[in-house]
Amino acid sequence: MSDPDLARRAEKLDGSDELAAKRSEFELDDTVYLDGNSLGALPAAVPGRIEDVVRRQWGRLRIRSWDESGWWTAPERIGDRIAPLVGAAPGQIVVGDSTSVNVFKALVAAVRMAGPGRDEIVVDASTFPTDGYIAESAARLTGSTLRPVPPAEVPGALGARTAAVLLNHVDYRTGRLHDLPSLTAAVHAAGALAVWDLCHSAGALPVGLDEHGVDLAVGCTYKYLNGGPGAPAYLYVRRELQDRFDSPLPGWNSHADPFGMSPAYTPAPGALRGRVGTPDILSLLALEAALEVWDGVPVETVRAKSLALTDFFLECVTAYVPPGAVECVTPLAHAERGSQVALRCADAGNVMKRLIDRGVVGDFRHPDILRFGFTPLYVGFADVERAARVLGEVLGGAAG
Ligand SMILES: Cc1ncc(COP(=O)(O)O)c(C=O)c1O
């Protein structure tokens, strides 16, 4: 049963929500979708755009579309569309390949740019696994030693041998937000390069890449940026480093004169050095259409709503869920919280199945975490109240 006070508060919060109108720009149904931190919802503009790309641009214009439909320049153009969402000036982001591939490019390039005698890579010990696997391979390829270190202990682990540090901005499991400005400053004070994985922060909170002097960054576009399943990732290379960025994957798309077909490689200037091969045009252009929902949306507004949603969810969980049935592993301090709430819970896999059966979609992370992502563009406060209420019912709380 609904708590009338919480239900009234949810209604009031939805009534004063500046982003409420954005919901109509997405294809939604009557489930509460709290998994946009894994796969964002479908923006309503995407199917029509894809229809045009397939039928007209590909079907009728065919090869002409590389120029006439702007296919060739899409990786940089769409990179510039993402740039304001992560606090980057234009000309520093290219879109393409997966996050994993971009982690590889960024990390190997970072080690190559680090000064002589620097042969150590520090990696976030709690990283999303792909970053760890790739860091291990990058270390072997560059003759470096890999040191996994918890993010809070990174400043104490840095030294004259540190070449590069790879960190996740938000921990995918706990939702903990790491302090990008101070960690980046510590990495720089040690003379090393900072590489950030923004998968769980871009589109959810301000990142400030330029402001904080981040060297390289990568991120996916299928979570908070709603680019669709398998949408291409992006690579940020700070402008001052671009001339020294020596890609470990120097494909022909990053050549200064790709159609010169020269046997010798000459890198293109600027961010497009991060390109590799022929871009995945269908996915790229679906992403471009998806990014239109951000027109006129300040990231600060998104962040304010995200914190309000997660605060309200925690309050509703306290009211509806039996004491001791869940333990919140997401930090309560706003400065340390991303846009998700992770609850430790016995039999979490089955609990999540029962939630999904009842129309509340989050996800389960091994071994005991219920993960709920809050995407401020299309999740509202009534959704939050309902999700916590159903969780209380599933766990046999008073509401059940
Ligand atoms: C922090 C982080 N890095 C990387 C990835 C995955 O990378 P890819 O796009 O290569 O699958 C994820 C996926 O959820 C992630 O959360």
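We use all heavy atoms of the structure for the numbers below, so side chains are in, but hydrogens, waters and symmetry mates are not. This one's a predicted model, so the numbers in the text were calculated from it and none came from an experiment. For ligands, and for the atoms within them, numbers begin at 1 and follow the listed sequence.
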Which atoms of ligand 1 sit under 4.0 Å from any heavy atom of [X]?
X      : result
His200 : 1 (C), 16 (O)
Lys223 : 13 (C), 14 (O), 16 (O)
Asn168 : 1 (C)
Asp131 : 3 (N), 4 (C)
Tyr222 : 6 (C), 7 (O), 8 (P), 9 (O), 11 (O), 13 (C)

Trace of the side-chain contact (heavy atoms from CB on, under 4.5 Å) decision for His255 with Tyr265: CA-CA 6 Å; His255 196 284; Tyr265 181 72; 3.8 Å; yes

Any donor-acceptor pair under 3.5 Å from Arg239 side chain to Pro90 backbone: yes

Test item: Asp197 side-chain N/O and His169 main-chain N/O as donor-acceptor pair under 3.5 Å: no

Has ligand 1 got any nitrogen or oxygen that is less than 3.5 angstrom from a nitrogen or oxygen of [X]?
X      : answer
Thr99  : yes
Ser100 : yes
Asp197 : yes

Worked verdict on Leu284 versus Asp280 for side-chain contact (heavy atoms from CB on, under 4.5 Å): CA-CA 6 Å; Leu284 262 174; Asp280 179 347; 5.5 Å; no

Close side-chain approach of Asp311 to His334, heavy-atom, < 4.5 Å: yes

Quiz item: cation-pi between Arg275 and Trp72, 6.0 Å / 45°: yes

